[in-house]
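Below is one structure; the comments refer to it alone.
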Amino acid sequence: MCGIVGYAGGRPALGIVMDGLRRLEYRGYDSAGVAVVDAGELLVEKKSGKLVNLEKCLAERVDTGFDVGMTGIGHTRWATHGGPTDRNAHPHLSADGRVALIHNGIIENFARLRADLAADGVEFRSDTDSEVAAHLFAAELRGVQIGGPAALAEAMRRTARRLEGAFTLLAVAADTPGAVVAARRNSPLVVGRGVRENFLASDVSAFMEYTRDAIELGQDQVVLITPNAVEITGFDGTPAVGTAFRIDWNVSAAEKDGHEFFMLKEIAEQPQAVADTLLGRLDGLDLDLGDVRKIVIIGCGTAYHAGMVARYAIEEWARIPCDVEMASEFRYRSPILEPGTLVIAISQSGETMDTLMAVRHARAEGARVLAICNTHGSTIPRESDAVLYTRGGPEIAVASTKAFLTQLTALHLVAMDLSSPPGIAAALAHVPDQLRTLLGEMDPVRKLANDLADARQVLFIGRHVGYPVALEGALKLKELAYMHAEGFAAGELKHGPIALIDEGTPVICVVPSPSLRLLHDKVVSNIQEVRARGARTVVIAEEGDDDVVPYADTVIRVPRTPALLAPLMTTVPLQVLACSIAAARGYDVDQPRNLAKSVTVE
Ligand code: F6R
């Protein structure tokens, strides 16, 4: 949540910061703002709403300092404390307007700090928790005896020590051009190292156009960037070094490349993304998982659904007991984690706070943690015992698509590593080609989307691995098209949900592979049951499965796979359906209301 960018170098900062914000806008789009330092002057602009509003304001400004200043920070906001208004937009300024600060996270002791500052005569201009950090930082800066950039770092350390909660802070000062200082606790921040220029950002997509060299930071660290140096210390001033890494994502991966939405582009990228996840891994993984006697998978939203799918493969192939739990619930019920328990934490961003907290809990209780993650330099892999990167490339659309398929692929690789099921490696190797074929056959789904765009509700049913696919299909439709959509285990329908069905209710039925004869036939019966109550049935079924035809108003075909791999196919039409319905209803597919891609608050 909230995207932040900082730049200190030899080029005008504004363009670089705005480019970074464009790439980070998926993290929040309630408001955006920038601050640029030029020749002892601090210039600030901020605006509620999407980045385009800020761009319009900047286009109208005539002050040249804005265009030439070579030090800058920028912020795109997902509101927590205080509504999405101009006054709550970041940067926040000190009372004298000489210091600007941006924040991602939540400052938990802000009320007490705000009261203390107010008692000292500070006047607040926003309703945010973040503004206290700006005033505290300015006050600490006044008290620091040294000058120059080092003063910024010392003031930031002192500020960070007074804050509780999760935060990334970036600050600049009018009197210290050429320096940006940042602090990090439980909130993302990476450094980009260029030639006579350095960058700070929530993730590497913000600066990968300018440099491929990045540094991961630890928790509770302050980093000062100037054009020629990156200096890292702990909050107590102890010198520290980050972990350097190369960014292997390509720049065009973060562009729309002619697609109407990032989501469409990311759906189209799935064959390649799955191929990349598989590359060099089908013969085994380079992971030391130790003695695994029980597996607990944790994740949120789409990642949780990926875990639900994987449980079937892990238990069937490896015969290892496997639980799946929403990361947000995990640590609050004292889970039993014995020696031999492997916790698998799934996260595209690697920053989801619910998942991070669950990882910390699991490790504190003695479990080993394997992260399945897409984002290098992020916190969850850093805090886990082992990591399997999904190699999906940047996912910009808020709704996860290629992340889901690559998470499934990675999880199947883990299950295979624990068991070697016959024929699965060959079947997985074939999946990218099958996905290409499937994506070429989506016209009927787009047509269906037009028919369903005005539906009052859409229900999804499935069994076995089709059940999490039904949940995922419903989640996509809710988040993108703002429609009432629910996924059910088909067998549960008669225990209550079937009452929701009336004349014309669309029910999307994810049919198991006919190779699972008993289950398959039961779902065919469930389709008949809903149809008998007036449902309009849309059936997602394997090629050649003709048993479903008499009961389907629409059949969507997917290529044949081994039964446990079917979600790699059946999910795709549901992604396209949700995206197309949202577009038909006129909504912003990439940036649905109220959401942000990286959820760094609990
Ligand atoms: C839904 C979606 C979310 C994320 C969830 C976890 O389309 O994208 O449900 O899957 O917020 O995010 P990560 O994987 O970054 O931990």
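Ligands are counted one by one from 1 in listed order, and the atoms in each one are counted from 1 as well. All residue numbers refer to positions in the sequence shown, counting from 1.
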Legend entry - Proximal protein residues to ligand 1, non-hydrogen atoms under 4.0 angstrom: Cys300, Gly301, Thr302, Ala303, Ser347, Gln348, Ser349, Thr352, Val398, Ala399, Ser400, Leu475, Lys476, Glu479
Inset, instruction - Among residues two or more places apart or on two chains, list those pairs meeting salt bridge (charged side-chain N to carboxylate O under 4.0 Å, His left out) that have a residue in residues 390-399. - result: Glu395-Lys597
Legend entry - Sequence neighbours excluded, every pair satisfying side chain to side chain donor-acceptor pair (under 3.5 Å) that has a member inside residues 568-577: Gln270-Gln575
Legend entry - Residue pairs involving residues 576-588 (criterion side chain to side chain donor-acceptor pair (under 3.5 Å); sequence neighbours excluded): Lys50-Asp588
Inset, instruction - Indicate whether the side chain of Ser205 and that of Asp203 have a donor and an acceptor atom separated by less than 3.5 Å. - result: yes
Inset, instruction - Scan side-chain atoms only and decide if Ser187 and Asn104 contain a donor-acceptor pair under the 3.5 Å cut-off. - result: yes
Legend entry - Contact check, side chains of Cys2 and His75, non-hydrogen atoms, under 4.5 Å: yes
